[in-house]
Amino acid sequence: MTTHEQIDQKNQQQGKVSREIRGSIFLIGLDRAEKRNAFDSHMIHDLSLALTEYEEHPELRCAILFAHGEHFTAGLDLVELQPKLADGLFEFSDATVNPWGTIGRQRTKPLITAVQGYCYTAGIELMLNSDLVVANSNTQFTQIEVQRGILPFGGATVRFVQAAGWVKAMKYILTGDMFYAKDAYEMNLITEVVEDHSPLIRALELAERISSAAPLAVQATLKSAHQAFLHSPEIAFNQLQNLLNPLLHSEDAAEGVRAMLERRSPNFKGK
């Protein structure tokens, strides 16, 4: 095998993330299907960059995270990642968005995740950091980090427990048992289960509706909810008026009232 062939083979094996803009919607695709979209360091970095692009693009109002191939993700590629994790090489800076929302720069725009096939470990933690999650009915989930000698460092020990409750969450986190989309829905881990079509199709429908709403109001709503989740309900309550005041003086608020009086759909500009 020549040096060029070796480089080409290595590039094919590396995880990557696709990007596509459809109007005000940003599609972010996990693209390492031959490895069941398992995350290597390149793929983690690329996902962080894609989310940062979305965050900083003034015309984009909603993003969808999906996966190429039959599976959402088999989790982390521990063969490649475990030595780097042990050396602490995945500390996210404030310059790029942390896909798992644990430390570093936080996302402020809405994110929908569409999952199918395998959604393991880091994939569960990604969707738990989303705002809406649509899953195919045959999606299989497992939180198996403990069985690999590590812990769910992407936030499952926090978000999984808060969504599902202590007893149910601990069962799956400590045993690594498989569960399915119906179980995930009953534990409040996902928003909807789709039976007869791709979860990406339904995610696009939801993204269109979110994109038609007032962007400033959407982001303020997410900020309030994040304050309650990351800090406390008291902090969120105390900040409600501060979040509301700029909205009341925005062009979008005036447009919302005009559209209501004129019985038409509003045309929000994000101003």
Side-chain angles (χ1 to χ4, degrees), residues 11-12 14-34 37 39-40 42-73 92-101 104-117 119 122-123 126-136 190-192 194 197-223 226 250-252 255-256 265-271:
N11 288 339
Q12 290 172 3
Q14 282 184 333
K16 56 186 182 295
V17 174
S18 68
R19 293 128 162 108
E20 180 186 350
I21 294 177
R22 296 189 188 181
S24 58
I25 299 172
F26 194 39
L27 279 78
I28 303 172
L30 307 181
D31 196 2
R32 199 189 185 199
E34 72 282 359
N37 291 316
F39 280 92
D40 61 2
H42 181 83
M43 194 168 173
I44 291 175
H45 180 67
D46 208 15
L47 178 56
S48 181
L49 291 179
L51 288 169
T52 305
E53 290 174 29
Y54 166 53
E55 186 74 13
E56 296 177 351
H57 195 302
E59 303 301 322
L60 293 175
R61 299 185 179 183
C62 188
I64 298 173
L65 177 63
F66 72 103
H68 298 274
E70 296 181 358
H71 303 290
F72 183 63
T73 178
F92 292 91
S93 71
D94 290 334
T96 56
V97 174
N98 181 343
W100 286 273
R105 183 174 176 180
Q106 302 294 306
R107 172 178 52 82
T108 66
K109 293 182 178 181
L111 176 66
I112 302 172
T113 297
V115 300
Q116 78 283 340
C119 182
L126 273 179
M127 74 181 202
L128 288 171
N129 190 41
S130 304
D131 302 302
L132 298 175
V133 183
V134 182
N136 191 275
I190 62 177
T191 311
E192 292 185 15
V194 295
H197 58 271
S198 165
L200 181 56
I201 294 174
R202 178 57 177 156
L204 282 165
E205 293 173 353
L206 292 169
E208 289 283 358
R209 294 178 62 185
I210 293 172
S211 295
S212 68
L216 296 179
V218 169
Q219 291 179 44
T221 299
L222 289 179
K223 184 173 183 178
H226 288 163
S250 69
E251 294 179 18
D252 278 355
E255 167 63 8
S265 298
N267 182 20
F268 294 119
K269 302 293 185 182
K271 297 179 180 180

Donor-acceptor contact present, side-chain E255 to main-chain F268, <3.5 Å: no

To the nearest 0.5 Å, tell me how far M127 CE sits from T191 OG1. 9.0 Å

Check the pair L30 / M43 against side chain to side chain contact (heavy atoms under 4.5 Å, CB included), numbers first and verdict last. CA-CA 8 Å; L30 307 181; M43 194 168 173; 3.4 Å; yes

Measure the spacing between CZ of F72 and CG of L65 and express it to the nearest 0.5 Å. 4.5 Å

I'd like to know if the side chain of H71 and the backbone of T73 have a donor-acceptor N/O pair within less than 3.5 Å. no

Determine the minimum heavy-atom distance between N37 and A67, stating which atoms define it. ND2-CB, 3.5 Å

Scan for salt bridge (charged side-chain N to carboxylate O under 4.0 Å, His left out) pairs involving residues 42-51, sequence neighbours excluded, and state none if there are none. R19-D46

Find out whether L216 and K271 are in side-chain contact, i.e. whether some heavy atom of one side chain is under 4.5 Å from a heavy atom of the other. no

For A217 and T221, which heavy atoms make the closest approach, and how far apart are they? O-OG1, 2.8 Å

Do NZ/NE/NH1/NH2 and the carboxylate oxygens of R202 and E192 come within less than 4.0 Å? yes

A side-chain contact here means heavy atoms from C-beta on lying under 4.5 Å apart; do T113 and L132 qualify? no

So do L49 and H45 actually touch side chain to side chain, heavy atoms under 4.5 Å? yes

When rounded to the nearest 0.5 Å, the distance separating CG of L204 from OG of S198 is 8.5 Å

Pairwise distance CD1(I64) to OH(Y54) - rounded to 0.5 angstrom: 9.5 Å

Residue pair H68 / S18, side-chain heavy-atom distance below 4.5 Å: yes

From D31 CG over to K16 NZ, what is the distance, rounded to the nearest 0.5 angstrom? 4.0 Å

When you compare the side chain of I28 with that of V17, does any pair of heavy atoms fall below 4.5 Å? yes

Sub-4.5 Å side-chain heavy-atom contact between C62 and F26: no

Could you go through the side chain to side chain contact (heavy atoms under 4.5 Å, CB included) check for V134 and V115 one step at a time? CA-CA 6 Å; V134 182; V115 300; over 6 Å; no

Where do A135 and I190 come nearest, in terms of heavy atoms and distance? CB-CD1, 3.8 Å

Going through the distances and angles, do I25 and E208 end up as a side chain to side chain contact (heavy atoms under 4.5 Å, CB included)? CA-CA 7 Å; I25 299 172; E208 289 283 358; 3.7 Å; yes

How long is the span from the NE2 atom in H57 to the OG atom in S24, to the nearest 0.5 Å? 10.5 Å

Within the 4.5 Å heavy-atom criterion, are F39 and L47 side-chain neighbours or not? yes

Heavy-atom closest contact (N129 atom, P99 atom, distance): ND2-O, 3.0 Å

Taking E56 first and then R105, would you say they form a salt bridge - that is, a charged N and a carboxylate O separated by under 4.0 Å? yes

Which heavy-atom pair separates R61 from P110 by the least distance, and what is that distance? O-CG, 3.2 Å

Under the 3.5 angstrom rule, does the side chain of D252 hit a backbone N or O of K269 as a donor-acceptor pair? yes

With heavy-atom distances below 4.5 Å as the criterion, would you say the side chains of E55 and R107 are in contact? yes

Test your reading of the model: is there a side-chain donor-acceptor pair from D131 to the backbone of L111, 3.5 Å cut-off? yes

Full working for side-chain hydrogen bond (donor to acceptor under 3.5 Å, both in side chains) between S48 and T96: CA-CA 6 Å; S48 181; T96 56; 3.2 Å; yes

Indicate yes or no for a side-chain donor-acceptor contact from W100 to the backbone of A122 under 3.5 Å, with no hydrogens or angles considered. yes

In terms of heavy-atom contacts, L60 and I21 come closest through CD2-CG2, 3.9 Å

